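Data first, discussion second: the structure below is written as structure tokens.
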Protein chains: 2
Amino acid sequence: MLNKLHITAEDMIQQNGGRATAGRIGILAILLAEQQAMTHREIEQRLPGTLQLDRVTLYRALEWLVGKNLIHKVTSDDRVWRYHANREVHNTHQHAHFKCTCCAQVICLDDLTIERNWHLPTGYRFQEIELTVKGLCADCG
Amino acid sequence: MLNKLHITAEDMIQQNGGRATAGRIGILAILLAEQQAMTHREIEQRLPGTLQLDRVTLYRALEWLVGKNLIHKVTSDDRVWRYHANREVHNTHQHAHFKCTCCAQVICLDDLTIERNWHLPTGYRFQEIELTVKGLCADCG
DNA sequence: ACAATCCTTGCAACATTGTTGCGTTTATTT
DNA sequence: AAATAAACGCAACAATGTTGCAAGGATTGT
């Protein structure tokens, strides 16, 4: 299965006109295999022994994947970026996340839409929305 | 006006059974005088020359004020906490913020309520919601 | 008023997360 | 296979926040 994801990852990267390096493929395959949004550290720990990347390289590869819209970054209150693969083309401007206040896991809530029955102060312009629901996940609750 | 706020701040602190030190009063008065949520650095810069506090003392005083529910912390995507005075008793669990993507100012959107017509995955428990609307403020737009 | 106590402060050091500069290596193109 | 441009690894740096500890100041009890 991971092998299949490697091929998928490689395809995704090449379709975006980027170099399909072992690092990028490995990182994207890890993110594709994981439901949760992963931190830099979690990704690093899951890298196989045959693919040990430098911290900086990992940061740069993630940044590159974000730029190519293959993954997206999730803000959190613990000052740590989390990354999640963009499986289908989804509306990135209407995207909510759930964070467990106990174990800190983050998942995407794709079906949560936000109604815009409110308005900003005069002169303010809307760009995007960032919504995090906090609570306890199934394991911690 | 700042003098009046100092008295208000002192009252608020004493009502919570805490020591009304010059630092705490000054910090709370600054936050009461400001509409925007302020970073640690912004607060530090606004401290008068007669009240220069150590970085750590400022962090600890802010932490204390948060614990006493006199101010609240706002998460942001730039990994910096912002602090905002709790003027009235407002529902802290339904509290949205606006952040300007240009100048990084953060304000509270008190009138924005979030409808709960959605549900979490099975076994997940809701605790609170964190909503940040991003866009351009009146000055930058 | 004085001493005991407890909270607060300041300093130094540390921790975490992420970024930048630069020379070297690697993937892709020709 | 050689040339070229991109990606990598290392070291150093930057920003934000935290911890330990000794010194200072306020509060309480006598």
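Keep in mind that this is a model prediction, so the values were computed, not measured. In what follows, every chain begins at residue 1, and chains take the letters A, B, ... in the order their sequences are listed.
The closest donor-acceptor contact from the side chain of A:Asp78 to the backbone of A:Val80 lies under 3.5 Å.
At the heavy-atom level, B:Thr21 lies under 4.0 Å from the strands shown only through sugar-phosphate atoms. Contacts of A:Ala20 with the nucleic acid, taken as non-hydrogen atoms under 4.0 Å apart, involve only primed sugar atoms and P, OP1 or OP2.
The separation between B:Arg41 atom CZ and D:dA14 atom P is 13 Å, rounded to whole Å. The CG-P distance, from B:Asn16 to C:dC7, rounds to 16 Å in whole Å. Rounded to a whole Å, the OH atom of B:Tyr59 is 15 Å from the P atom of C:dG10. If you take CD1 of A:Ile25 and C1' of C:dT28, they are 14 Å apart, rounded to a whole angstrom. Taking atom CD of residue A:Gln14 and atom C1' of nucleotide D:dA6, one finds them 15 Å apart after rounding to whole Å.
Between A:Glu34 and A:Arg46 a salt bridge is recorded (basic side-chain N to carboxylate O distance below 4.0 Å). A salt bridge does not link A:Glu130 with B:Lys99: none of the charged nitrogens is closer than 4.0 Å to a carboxylate oxygen. Ion pairing between A:Lys73 and B:Asp77 fails under the 4.0 Å rule for side-chain N and carboxylate O.
To the nearest 0.5 Å, the span separating CD1 on A:Ile30 from CG on A:Leu32 amounts to 10.5 Å.
Taking the side chain of B:Arg24 as heavy atoms from C-beta on, and the options C:dT8, C:dT9, C:dT17, the nearest nucleotide is C:dT8. For A:Asp54, the side-chain atoms get nearest to D:dC10 when compared with the rest of D:dA7, D:dC10, C:dG18. Side-chain proximity of B:Arg55 to D:dT18, D:dG9, C:dG10: nearest is D:dT18. The side chain of A:Arg19 lies closest to D:dA6 when the candidates are D:dA6, D:dT27, C:dT17.
Residue side chain A:Arg60 reaches the base of D:dG9 through a donor-acceptor N/O pair under 3.5 Å, judged by distance alone.
Residue-to-nucleotide proximity on DNA chain D shows that, of B:Arg82 and A:Gly23, the 5′-proximal contact is made by A:Gly23. Comparing A:Arg79 and B:Val56, the nucleotide of DNA chain D nearest to each residue sits closer to the 5' end for A:Arg79. Nearest-nucleotide mapping onto DNA chain C: of B:Leu53 and A:Trp81, the residue sitting toward the 5' end is B:Leu53.
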